[in-house]
Undergrad: 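This is the structure I want to talk about, given as structure tokens.
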Amino acid sequence: MNPLAYPAVPAILGIPVAAAVLMAVLPGYRLTARINVLASLATFLSALSLFVLNREEAGTYVLVDDLNVVFIVLNTLVGFTTSVFSASYIAHELETGRLTPVYLRFYHAMYQTLMFGMNLALMANNIGVMWVAIELATLTTVLMVGIYRTPEALEAAWKYFILGSVGIALALFGTILVYMAAQPVVGEGPPAMVWTVLLKNAAEFDPALLNLAFVFLLFGYGTKVGLAPLHAWLPDAHAEGPTPISAVLSGLLLNVALYAVLRFKMLLAANPRAIAPGMLMILLGLLSLTFAAFMLYRRNDIKRLFAYSSIEHMGIITFAFGMGGPLANFAGLLHMTMHSLTKSAIFFAVGHITQVKGTQKIGDIRGLTESHPLLGWGLVIGVIAIAGLPPLGIFTSEFLVVTSTFARSPLLAMPLVTGILVAFGALLLRLNGMAFGVPSGSKAPVEASIVPLYFHLALVCIAGLYLPAPLVAWFQHVARLLG
Amino acid sequence: MTPVDIGLGSVVLLLALVPVGIVGGRRAAATPLLYTAAALISLLALANALGALLQAGEPSVIVLPLGLPWLGGHFRLDAVSAFFLAVINLGGVAASIYALGYGRHEQAPHRVLPFYPAFLAAMNLVLMADDAFAFLLCWELMSLASWGLVMAHHHHHDNARAGFIYLMMASFGTLSLLLAFGLMAGAEGDYAFAAIRAAGHSPGVAALALGLALLGTGSKAGLVPVHVWLPLAHPAAPSHVSALMSGVMTKVAVYGFVRIVFDLLGTTTWWGAMVVLALGGVTAVMGVLYALVQNDLKRLLAYSSVENVGIIFIGLGLALAFRTNAMPWAAALALTAAMLHVFNHSLFKSLLFFGAGAVLTATGRRDMEELGGLIHRMPKTSFAFLVGSVAISALPPLNGFVSEWMTFQAVLLSPSLPQWGLKVLIPAVGCLLALAAALAAACFVRAFGIAFLGRPRSQAAAEAAEVDGFSLAAMFGLALLCLLAGILPGLVIDSLAPVATILVHDRMPEQLGIPWLSIVPIAASRSSYNGLLVFLFIIMSSSLAAFVIHRLASKAVRRGPAWDCGTPDADPATQYSAGGFSQPLRRVFGTFVFLARERVHMPQPGDARPAVFHVRLLDPVWSAVYGRLGRAVDLTAGRFNKFQTLTIRGYLSLVFLSLVTLLTGLAIWL
Amino acid sequence: MALIIDLNIQFTEMFLVLLLSPLLTGWVRKVKARLLRRQGPSVWQPYRDLARLLKKEVVLAENASWLFRVAPYLIFAATWVAAALVPTFATGLLFSWCADLIALAALVGSARFFLALAGLDVGTGFGGIGSSREVMIASLAEPATLMIFFSLALIAGSTQLSTIAGFMQTPEVGLRVSLAMALVAMLMVAIAENARIPVDNPATHLELTMVHEAMVLEYSGRHLAMIELAASLKLLMYLSLVGCVFVPWGLSPVGGGLARHLLAAGLYVGKLAVGGVLLALFETSIAKMRVFRVPEFLGAALMLSLLGVLLLFVTRSF
Amino acid sequence: MQHGLNYDVAHMLAGGLVLVSFMMLYQVRLSSLLRVFAAHAVVLALSVAWQAYVQGAPHLFVTAAIALLFKALVIPVALNRIIVRLGIYREIETVFGIGLAMLVGMGLVALSMALMLRVTAEATPLAREDLAFALSVVLLGLMMMVTRRNAVSQVVAFMSLENGLILAAAGAQGMPLVVEISVAFSVLIAFIVIGIFLFRIRERFDTVNVQALDSFRGERS
């Protein structure tokens, strides 16, 4: 059999579904956790094969192109590492009795469903399918956020659900508007929702309708991205759910939502008469950045702290895409990738830290580098990375964003730089307290695998120093597409 | 193998020591092993740098596949880099040798050893970087590595705070530099230094870039008002690292400024030079005034670094002023003076920090109020520290004087400048420089006099013992260099010629050919100085006097109790204290510089309570800028924090309102 | 041959200042005493004092360090070298190029540095009080000195003392506000530097007012002699400096004959005598000020000298 | 002529939906709110059915049927049970006065008209009107969510918002079936999840007042 005939796309979508069904049925958490890891690995490997395989022509529903292929790989990669982390994390939760085996089964099934939803959203060639997939992913995470059934968790899930639903509705309205814009040109029926067709004909669409559609899409999917006035669900959902879910939320789901926004931004970019969506994204980006930066200061829950940091970074990324141009788009793409890897790594560390210390309160966590050097330094490196210090990857992207912005419009660079600095101050302040000083709490060794944590950090570090040329070429290509 | 290859090779070797430090950090054998290796590698890099500087051939270039394909990975070694590399690695060699002894007393070697070689490597890298990305990457790496070292003794709350402020300011500086580079590279910028150099910059861009570069590099060098982290962070690190941070890392910052402003920026305006000059002058005086009122020996030294950075920046500002006005020979003088001071300061500041470290090792104290009388217990350390003190006080015949003298010579050229602003400002800055020099002498009389002379003020000081041979070797090596650089400055000046040629397109006249090894910056009739002869004269006339008197008059000595106007008191508390010593100066300058307030509580006669004397000193920069900034951030954070506790309905209203606003906007705009 | 003559002149000057300095001190004391209607000691008394001190044994405090013993010689040497570099009766000294005005100020600073350290060495309260006040005074006097030198250097286009002295004799100089300011400032600084009234009192041992004397309180014997000699030298140096810069007439130029030199030397002694009288007059007509008035006094000198520098640009643009 | 009639009826029905939305805005009692919501769903069903007829798209009839069955009957009945069981059917729970709410609602309708009519100049008049009304319904629904304090009424408001979406989807000519399915799908899921939540919330709080939930808001520092 020709190895190039490996059905990668069906595998990427099918494996999670199959695994989800299987795990919903099977008892025993050890087994399901392993299946979870295996399924994630298989999905990841299938995704990797996308690089090697000849790509199929874009279908009506599924598409693999330059824009999404790396996102798919990233998605499945982080999905895989998180599943490894999750296995050790969940074992501890079971021991402490926060979760029962039944819920665990549910948790694993939902995990794979979530992976399916995100993969589908990334690969969808139909804006309707994309919408459905993102909603599916959202709903599964809602359920997982509420899985601890504490009042706080329920409240967080409720909040997430309500705000998410409104987002769903707005995004749908935007999708309908896009169809409306496409319909006179492409004609009625399914083709008017097929992404590739839309892009090809975007130049002839009614620009005004497209503009309006974009506003709704930006608000709809922007809610999922966690942009500032729409962000409210994000910190609580991160803080109250299981930590692997926080990692996936921050590392992947936000990216997927932003990916959707980018797709539509490309449509607008392809239409010469449409408004440049840049200013809107810049505005929301800066708002998110500034807002999150100041919110970081009063945080005393470690997971909420990093959730706000995710908002901050989503702000930076949105800002970069809003600036547009090959350099800023490149930086935005790079930042997205690096942020996923870094933030999930941080949540891996945070998960173990909260388990070891038995608290999520920042004030009660001290001297980690002394009591748990590997975790502590992992956290330090993670925070340093997320703060945009070299030699880690985010430095490169922030370098590009800031320099290119300042050269083009100095006035916009000022709030950007201020926001970055303010956020850095808050993170460093908290890090200082947590990682250094006289240790507090348990000094028991960690019974956890720190491999995913350091694997991510190593990737980020390597990317900060050296990016393989094909990857760079790909980023550049996509950056040009994004206009 | 070109010099840059060897330079990068030594960096790789240093980086290879990092894993050794991580793995073997807690083992006793790791400390000597690592420091020996670091010393040897630094020596190699030093030799390489000196070779490159003296040969003064074409710059060697290498492009590594780092960063992004069009960004990063350029490294280059020209004379400017070579000079600074020499300074850095000289400091590295000295610090490593010193640490062979000092490092044995380290309580947390696993927190020092991994960062130390990384710090050295990063500083080397900054100097060789040849594009904005590589430069900033290495720059931040340097900050991070030194931050790790500052945080080595993290149990002290003060150190943690110092680390926080340090890294904040470092990030601030990096962001400023980021903006500067962004500005210089342009919108679709090419970040390679070669491209930036080639691109012409409009005056506005150049002025803005100059300001940003000043902020960015100044915040690392310790320029007022972005100096606040320095006196906190430098003393917090282990002493050999303090020496590196103060003596060497500030020079990397100077390099950054020089590279950006003189090399990359090309043209600058004359009022840009005024800003540099004014900041330099203020920094010099403020720094030394702060130093004068410190009781912590290491913090005093750190503040003194601020002062010296100010002096260097005065030199650079002068060079900038002259260069703008097409007076390259004068610019060469000013720049060479600044570079010479860079070199000199790295020598004596490292030496002094080593001395302070030795005192710390021997007594466990940094507070001068608990020291005293160490000249008896630690004669060798005391001697070395004395040499450093004389040198830093800019007294002939040691090296500190030479560079300040040359700076003064450059100041005296100001009448030839066409701009009135500069004409008036430069003598005023000269006055500040003179004031700083005088105050520095006062400061080091106090430092040496209180810590080493007199009688011990604590048990620990009374029982101090001389430190080990490695530490002494490092100190005496540097002391010797201070003397040599002081009496043979022509050597250093001549080797600085290629640096000046690159930066201001002219050089100082050749000095080595001048009889008696004098230095003549411009013309013999104008000014000249001969450190060697001054040294010889002083040595000869004092020995002659001593000899004649001992021979012809008397040499009898009798030891007796101190006279003290007939009322000697055995209590060491009757000596002048560090606080008391600086009281007159504090009174003179303190009331407006530090907003100093003294409060004396004197009990009534018959009341047995002790009298209480309380001095409150405020850093005006801190309270005026950073305190307010902190409060503003805190206040804003508090305001914003309300958004964390809205109801779901509240959040929905936010969504709703922003959507409606946007739609309204769209309706109006369409 | 020329070298030998130059060398001769240089060494003559060196020893001339060394020999003359106690005389000047004695002269000032004598004049002061006469002005106070006292007989006063002989003008040669300082020589006798020195000789007696030199012969006496040294009584060292128990915890005096080596620095305490070395300092007097260093102080003396630095001051002597500085004094030897000031043209007294002839310009074009052989070694004048090895240190200029700035170096001169710094050499004086070196001497003071060691003196202040010596004051702290024994660890007595008085030593500390002296050192502390001395550095306070110096920290203002030194920049003032440098500013004065700046004015001179800017006017003459050189920091070389010989060149300046030569330039001051030319008619180009003219009458300048800056020079007048520099002169006044110079006098103020000289008074402070030499621990004269009203800044300090060389004759007092009243604990709370002394500065210089407090520092050297622990010294005895030959060490004290060295310090006393250095103090005399310093006074002489400042007077010579004022003489050669502000009243340079009569200085013999390079290559002048023996007669010319002798005439100049005579004139020099005359200048010193006049200077001594003026100093004594000033000292007797003014009261010592409180220590914390001193900064104001010196601050005024500093401002005056800085103003002098700045006014240079107004009166004559270069 | 035929076209004119099509247009008029569609216009009337869509306008009716907006009107019912206003009526919902006017309600202060939960039980009456539910009744009005049922009417809302009925109007929607009619509107969608008319579109199906006009466009000749039989699959839209399915959507209409779903709307009628599900939203006009099942859900109001279920919710009614809940509020009866919880005893909150008389609750007055608006944030600001009815009059003001109506006024703002007017403004929103005006906004969506202004926006949509200008934006969709190239679309068929039918679609234009439909879309404009749909946007009005969506915005009104959103506003209702914001101005109601009670969880049940928020759910109702949300569903009215979805009704607006369906109206828009139906109005878009030839929009593939995918969308209807997804809408139904999402409504289904939404309802189930909300049901679960309400159940759990009731289990813990004995009230569905969102404010009670708010007391557990994250952290308060």
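First the proteins, then the strands, lettered A, B, ... as listed; each starts at 1.
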Undergrad: Kindly indicate whether the side chain of C:M136, heavy atoms from C-beta on, has any atom under 4.5 Å from the side chain of B:V588.
TA: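 Contact flag for C:M136/B:V588 side chains = yes.
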Undergrad: Please determine, among C:F113, C:W80, C:F76, the option with the most heavy-atom pairs under 4.5 Å with chain B.
TA: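 Most heavy-atom pairs within the cutoff with chain B belong to C:F113.
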Undergrad: For the interface with chain C, which of B:A523, B:A428, B:A553, B:C431 has the highest count of heavy-atom pairs at distances below 4.5 Å?
TA: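 Of B:A523, B:A428, B:A553, B:C431, B:C431 has the most heavy-atom pairs under 4.5 Å with chain C.
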Undergrad: I need the minimum non-hydrogen distance between B:R526 and C:G157, along with the two atoms involved.
TA: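 Scanning both residues, the minimum pair turns out to be NH1-O, 3.1 Å.
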Undergrad: Indicate yes or no: at least one non-hydrogen side-chain atom of B:W563 is less than 4.5 angstrom from one of C:T124.
TA: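 Heavy-atom side-chain distance check fails, nothing below 4.5 Å.
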Undergrad: Quick check: under 4.5 Å, non-hydrogen atoms only, which of residues 58-66 of chain C neighbour chain B?
TA: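 Within residues 58-66 of chain C, the residues that come under 4.5 Å of chain B (heavy atoms only) are C:V58, C:V59, C:L60, C:A61, C:E62, C:N63, C:A64, C:S65, C:W66.
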Undergrad: How long is the gap from OG on B:S543 to CG on C:L74, to the nearest 0.5 Å?
TA: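 Taking OG in B:S543 and CG in C:L74, the distance rounds to 9.0 Å.
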Undergrad: Given the options C:K55, C:E57, C:H223, which has more heavy-atom pairs under 4.5 Å with chain B than any of the others?
TA: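 If we count pairs closer than 4.5 Å to chain B, C:E57 comes out on top.
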Undergrad: So which pairs with a foot in residues 129-167 of chain C pass ring pair (Phe, Tyr, Trp, His ring centres under 6.0 Å), sequence neighbours left out?
TA: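 Checked against ring pair (Phe, Tyr, Trp, His ring centres under 6.0 Å) - neighbours excluded - the pairs reaching residues 129-167 of chain C are B:F408-C:F150.
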Undergrad: Given the rule in the side-chain contact (heavy atoms from CB on, under 4.5 Å) test, do C:F68 and B:L453 qualify, once you have shown the distances and angles that lead to the verdict?
TA: CA-CA 10 Å; C:F68 189 75; B:L453 301 180; over 6 Å; no
Undergrad: Side chain, backbone, both or neither: which part of C:M14 has an atom under 4.5 Å from a heavy atom of chain B?
TA: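 Neither part.
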Undergrad: Using a cut-off of under 4.5 Å on heavy-atom pairs, state which of B:I375, B:L435, B:D564 scores highest against chain C.
TA: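 Heavy-atom pair counts peak at B:D564.
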Undergrad: Hey, which residues of residues 379-387 of chain B are touching chain C, say heavy atoms under 4.5 Å apart?
TA: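 Against chain C, the residues of residues 379-387 of chain B that fall inside the cut-off (heavy atoms, under 4.5 Å) are B:F383, B:L386.
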Undergrad: So which of B:V390, B:I539, B:L292, B:T574 has the largest heavy-atom pair count under 4.5 angstrom toward chain C?
TA: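 Winner by heavy-atom pair count: B:V390.
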Undergrad: Which atoms of B:F401 come close to chain C, meaning under 4.5 Å heavy atom to heavy atom: side chain ones, backbone ones, both, or neither?
TA: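 The side chain, not the backbone.
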Undergrad: Heavy-atom pairs under 4.5 Å with chain C are the metric here; pick the option from B:S542, B:S528, B:G580 that has the most.
TA: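 It is B:S528.
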Undergrad: Between C:L306 and chain B, which part of the residue has a heavy atom less than 4.5 Å away: side chain, backbone, both or neither?
TA: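 The side chain, not the backbone.
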Undergrad: Side chain from CB out, backbone as N, CA, C, O: work out which of these in C:L229 comes under 4.5 Å of a heavy atom of chain B, or both, or neither.
TA: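 Nothing of C:L229, per the 4.5 Å heavy-atom cut-off to chain B.
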Undergrad: Which pair of non-hydrogen atoms, one from B:L395 and one from C:A106, has the smallest distance, and what is that distance?
TA: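 Heavy atoms only, the tightest pair is CD2-O, 3.8 Å.
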Undergrad: Measuring only between side-chain heavy atoms, which start at C-beta, is B:I538 closer than 4.5 Å to C:L107?
TA: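 Result yes, sub-4.5 Å side-chain heavy-atom pair found.
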Undergrad: Checking C:L146 against chain B: side chain, backbone, both or neither under 4.5 Å from a heavy atom?
TA: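 C:L146 touches chain B through side-chain heavy atoms alone.
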Undergrad: Keeping the roles fixed (side chain from C:R222, backbone from B:A546), state whether a donor-acceptor pair exists under 3.5 Å.
TA: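 Here the side-chain-to-backbone pair does not exist.
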Undergrad: Which atom names give the shortest non-hydrogen contact between B:G449 and C:L120, and what distance separates them?
TA: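 That closest heavy-atom pairing would be CA-CD1, 3.5 Å.
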Undergrad: What residue, out of C:E218, C:R112, C:R69, has the most heavy-atom pairs lying under 4.5 Å from chain B?
TA: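 Of the candidates given, the most pairs with chain B belong to C:E218.
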Undergrad: Taking all heavy atoms of C:S131 and all of B:F581, pick out the closest pair and write down the distance.
TA: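 Closest pair (atom of C:S131, atom of B:F581, distance): CB-CE1, 3.6 Å.
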Undergrad: Determine the option with the most heavy-atom pairs under 4.5 angstrom with chain B, choosing from C:A138, C:A84, C:C98, C:P295.
TA: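 With the most close heavy-atom pairs to chain B, the winner is C:C98.
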Undergrad: Could you grab the distance from atom CG of C:D100 to atom CG of B:N530, nearest 0.5 Å is fine?
TA: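 With rounding to 0.5 Å, CG (C:D100) is 11.5 Å from CG (B:N530).
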Undergrad: As an exercise: rank B:A562, B:A442, B:A436 by heavy-atom pairs under 4.5 Å with chain C and give me the winner.
TA: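 Top option by heavy-atom pairs under 4.5 Å: B:A562.
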Undergrad: Measure the shortest side-chain to side-chain distance between C:I102 and B:Q409 over non-hydrogen atoms and say whether it is less than 4.5 angstrom.
TA: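 A side-chain contact exists here, since the closest heavy-atom pair is under 4.5 Å.
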Undergrad: CZ/B:F452 to CG/C:D121 distance, rounded to the nearest 0.5 angstrom?
TA: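 If we round to the nearest 0.5 Å, B:F452:CZ and C:D121:CG are 13.0 Å apart.
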Undergrad: Can you list the steps and then say if C:Y73 with B:I549 is a side-chain contact (heavy atoms from CB on, under 4.5 Å)?
TA: CA-CA 10 Å; C:Y73 299 105; B:I549 288 167; 4.1 Å; yes
Undergrad: Go through the atoms of B:S577 and report whether side chain, backbone, both or neither lie under 4.5 Å from a heavy atom of chain C.
TA: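 For B:S577, there is no contact with chain C at all, as no heavy atom is under 4.5 Å.
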Undergrad: Of all residues at least two apart in sequence or in a different chain, which pass the salt bridge (charged side-chain N to carboxylate O under 4.0 Å, His left out) check with B:R455?
TA: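 Testing B:R455 for salt bridge (charged side-chain N to carboxylate O under 4.0 Å, His left out), a comparison that skips the adjacent residues, returns none.
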Undergrad: Using a cut-off of 6.0 Å, state whether more than 12 heavy atoms not belonging to B:R559 lie near its atom CZ.
TA: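 Yes, CZ of B:R559 has more than 12 neighbouring heavy atoms, counting only those of other groups under 6.0 Å.
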Undergrad: Hey, which of B:L532, B:V411, B:L412 has the most heavy atom pairs under 4.5 Å with chain C?
TA: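 Most pairs with chain C among the choices: B:L412.
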Undergrad: Backbone N or O of B:P584 within a donor-acceptor pair of the C:R133 side chain at under 3.5 Å?
TA: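 Checking the backbone N and O of B:P584 against the side chain of C:R133, no donor-acceptor pair under 3.5 Å is found.
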Undergrad: Nearest 0.5 angstrom please: C:I129 CD1 to B:Q575 CD, how far?
TA: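 Rounded to the nearest 0.5 Å, the CD1-CD separation comes to 14.0 Å.
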Undergrad: Which bit of C:V122 comes within less than 4.5 Å of chain B, counting heavy atoms only: side chain, backbone, both or neither?
TA: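 Looking at C:V122, backbone and side chain both touch chain B.
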Undergrad: State, yes or no, whether a side-chain contact exists between B:Q583 and C:S132 at a heavy-atom distance under 4.5 Å.
TA: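 B:Q583 vs C:S132: side chains apart.
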Undergrad: Could you tell me which portion of C:T163 (side chain, backbone, both or neither) has an atom closer than 4.5 angstrom to a non-hydrogen atom of chain B?
TA: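 For C:T163, side-chain heavy atoms alone lie under 4.5 Å from chain B.
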